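Structure first, commentary second.
All ligand and atom numbering here is 1-based and tracks the order in the structure. All values below come from the heavy atoms of this structure, side chains included, with hydrogens, waters and symmetry mates left out. Just so it is clear, the structure is predicted and the values come from calculations on it, not from any experiment.
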Amino acid sequence: MDKLQTTIRNDVLIMEISNPPVNALSQAVRAALLAAVQRLTAEPQLRGGIILGAGNTFVAGADIKEFGQPPTPPLLPEVLGAIEACPKPIVAALHGAALGGGLELALACDARIALASTVVGLPEVTLGIIPGAGGTQRLPRLTGISTAIKLICSGERLQADAALKLGILDEIVADDMQGAAISWLHSTASCKRPVSVLRVPQETTEDIAKAEQAALKAGKSRPAVIAAIAAVKEAASIPFAEALAHERAVFETLRASPEAAALRHMFFAEREATRLPAGLPQTPRPIQTVAVIGAGTMGGGIARTALEAGYTVILFDQNKDLLSQAGENLRTKLPQAQLTVAESWADIAQADLVIEAVFEDLAVKQDVFRKLDAHAKPGAVLATNTSYIDIDTVAAATKRPEDVLGLHFFSPAHVMKLLEVVRGTHSAPDLAATGMAFGKRLKKIPVLCGNAFGFIGNRIYNAYRTQCEFMLEDGAWPEDVDTALEAFGFAMGPFSVADLSGLDIAWRMRKANATTRNPRSRYVPVLDELCERGRFGRKTNAGYYNYADGKRSSGSDETVRAIIAEASTKRGITRHELTPEAIQRRALIAMVNEAAQLLAEGVAQRASDIDVVLVHGYGFPRWIGGPAHWAQGQERETLERDLDIIAAATGFGFVRGDLDILLNKTKGDNAS
Ligand code: 3HC
């Protein structure tokens with residue numbers, strides 16, 4: 001099929017890009033566009049041109065799938081140069097999304113009109129690159145340097161009205177963009193107006209420095225952010241053509257970097273994760289009304305995200321005070337939303353989906369499910385929001401285990417993107433599609449998991465944290481471990497995370513599991529000792545660290561060090577220094593080992609799903625692409641050596657995962 005349809009209307013050449021699903025600027029599109037612009041230049045009867053996109057969108061940018069291969073001509077800057085150089089005016093008519101190269105294409109045109117629902121942006125930095133076709137040079141000529149820095153470094157997507165205010169768009173039209181563009185091309189206003197000849201608006205150096213600092217902070221000073229700032233600033237300091245060549249060279253260098261490959265991997269992995277495996281029914285059960293049981297932080301957050309997605313929500317809690325408070329909160333935040341605060345269990349009978357979000361305790365959850373069994377209508381999906389509890393045991397409390405599913409939300413539930421959709425042994429096959437469709441409508445990234453302890457995320461995090469505890473006994477202090485892992489890129493080190501979420505939760509679980517724990521397994525008693533002294537983390541102003549003045553102390557105190565040193569002595573360990581690299585590798589290989597087991601057991605469908613879970617739920621650095629992608633970039637021998645190290649550190653009961661299964665590239669990794 002032709003990637004570009006051309007027609008002539010009122011002496012205007014209409015160039016419609018047709019490259020489903022998102023009209024990405026693949027080589028075929030670029031070649032066809034260039035040929036069309038040459039035709040526009042050559043044919044004297046044509047007075048101007050219009051570029052638009054077929055289907056739902058204008059152009060979502062360069063074809064990201066091409067980024068892993070050498071670039072093939074014509075390159076986008078060449079096509080855009082031809083558009084600017086064409087003696088006849090060309091209008092970009094935008095709808096849907098004009099992102100990345102798509103917006104750069106529009107910026108090379110002489111005017112930009114758009115439907116009100118259009119979004120525009122330059123999200124290249126989120127892919128580890130900078131705009132590579134003039135975005136860093138043309139945008140600041142319209143918006144000024146500081147706004148361009150802000151937009152490009154954040155990758156923010158602007159609604160059409162905001163883009164109009166900033167001068168990125170010239171006009172918003174209600175409908176008939178073609179008609180509006182043709183009228184403009186026939187009006188006296190019609191002329192060549194290349195953005196490249198505009199002067200960059202004057203700004204103070206302080207304003208620019210402020211934008212720069214804010215962008216560096218928000219973008220964690222990643223290489224693409226630093227490069228984007230430098231490129232945008234060149235718009236005001238060197239000639240356009242020279243700056244354009246610099247921009248392209250930087251774009252090419254970054255495109256080939258491991259960081260950009262990891263970010264592309266994440267882009268495709270996030271989309272792949274939402275796909276159901278073949279063989280499962282793809283049609284979800286219809287859901288309109290959602291009942292949420294439990295009005296605490298989690299239940300309130302789940303109710304909020306469901307209301308925001310347009311569901312009718314029934315909220316219930318046996319604690320009437322908590323319930324009315326949560327109901328009031330939600331009504332204040334979302335006054336238009338369809339919320340009912342239930343009076344009794346009987347009120348949940350309307351719900352197509354019931355999500356239990358009560359206390360994380362099996363007996364409490366089973367009790368709730370017995371009530372759900374009695375009150376929910378036949379065919380309603382009964383979901384448990386749990387992070388560890390066995391779905392089958394919860395389902396066993398009902399007479400309809402086939403309707404029971406796990407939906408593991410992350411806190412705060414209305415913010416966090418990740419949703420683990422957990423199939424129990426008896427879950428009906430269509431529950432997978434139902435849970436995944438529900439997650440997508442919530443604008444989350446749903447990942448399908450099997451029912452195993454901790455599902456995907458907590459199972460891996462558990463292995464990682466346990467390895468970090470071993471490192472305490474072996475010779476590191478909590479701050480050594482946290483600093484090393486934060487330097488690797490984790491949002492927070494494991495002991496800071498533990499202090500933040502409260503050590504008592506883990507303590508309670510450890511006590512519950514004490515009788516079943518094999519006494520030969522290595523067990524680090526530090527957390528229990530801390531809890532026995534009332535050090536539950538931030539909420540008691542002391543845990544692994546102190547929080548006396550509201551801020552985390554830089555290191556652990558004498559009490560904590562004494563507890564750790566005593567644990568080492570009891571285990572007969574002579575404490576020795578662990579380098580940051582050794583800490584990082586041990587922590588990572590623990591994740592990788594568990595990931596390999598999860599894949600072998602079928603708990604995770606794809607290696608790339610594991611990456612999505614760790615990046616979106618556990619602060620794993622997105623620019624490294626998750627533990628599986630990280631492992632795929634390591635030498636096999638080194639990984640095996642790392643496994644030997646944690647095998648020796650763990651001792652009895654260590655299970656060595658089969659790296660083959662993890663290192664075989666999966667579909668989600670196709671673009672790296
Ligand atoms: N290249 C290749 N494939 C792309 C793509 C792109 N730029 N953008 C989207 N796709 C693919 C997706 O992988 C997906 O494929 P699949 O169906 O096989 O999974 C399909 O298009 C639909 O995408 P979404 O599932 O994301 O659909 P939505 O409707 O939810 O969102 C969108 C549409 C808002 C356009 C979203 O896809 C998006 O944000 N795309 C990326 C935009 C982007 O980052 N552009 C910059 C590219 S870099 C660049 O342009 C460099 C330049 O400066 C030279």
Identify all pairs of nitrogen or oxygen atoms, one from ligand 1 and one from the protein, separated by less than 3.5 Å, and list them with distances.
from: ligand 1; atom 1: 1 (N); to: Ala62; atom 2: O; distance (Å): 3.4
from: ligand 1; atom 1: 1 (N); to: Ile64; atom 2: N; distance (Å): 2.9
from: ligand 1; atom 1: 7 (N); to: Ala62; atom 2: O; distance (Å): 2.8
from: ligand 1; atom 1: 19 (O); to: Arg275; atom 2: NH2; distance (Å): 2.9
from: ligand 1; atom 1: 26 (O); to: Arg271; atom 2: NE; distance (Å): 2.7
from: ligand 1; atom 1: 26 (O); to: Arg271; atom 2: NH2; distance (Å): 3.2
from: ligand 1; atom 1: 39 (O); to: Arg157; atom 2: NH1; distance (Å): 2.7
from: ligand 1; atom 1: 39 (O); to: Arg157; atom 2: NH2; distance (Å): 3.2
from: ligand 1; atom 1: 45 (N); to: Ala60; atom 2: O; distance (Å): 2.8
from: ligand 1; atom 1: 50 (O); to: Ala62; atom 2: N; distance (Å): 2.8
from: ligand 1; atom 1: 50 (O); to: Gly101; atom 2: N; distance (Å): 2.7
from: ligand 1; atom 1: 53 (O); to: Glu104; atom 2: OE1; distance (Å): 2.7
from: ligand 1; atom 1: 53 (O); to: Glu124; atom 2: OE2; distance (Å): 2.6
from: ligand 1; atom 1: 53 (O); to: Gly132; atom 2: N; distance (Å): 3.0

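- A salt bridge links Glu272 with Arg606: at least one charged nitrogen is closer than 4.0 Å to a carboxylate oxygen.
- Remark: Pro277 engages Leu280, Leu448, Gln605 in a side-chain contact (heavy atoms from CB on, under 4.5 Å) (not counting sequence neighbours).
- One finds a salt bridge joining Lys233 and Glu212 here, because a Lys/Arg side-chain nitrogen approaches an Asp/Glu carboxylate oxygen to under 4.0 Å.
- Look at Arg622 and Glu270 and you find a salt bridge, because one of the NZ, NE, NH1 or NH2 atoms lies within 4.0 Å of a carboxylate O, short of that distance.
- Identified under the salt bridge (charged side-chain N to carboxylate O under 4.0 Å, His left out) test for residues 13-30, with sequence neighbours left out: Arg30-Glu66.
- Residues passing the side chain to side chain donor-acceptor pair (under 3.5 Å) test with Asp161: none are found, sequence neighbours excluded.
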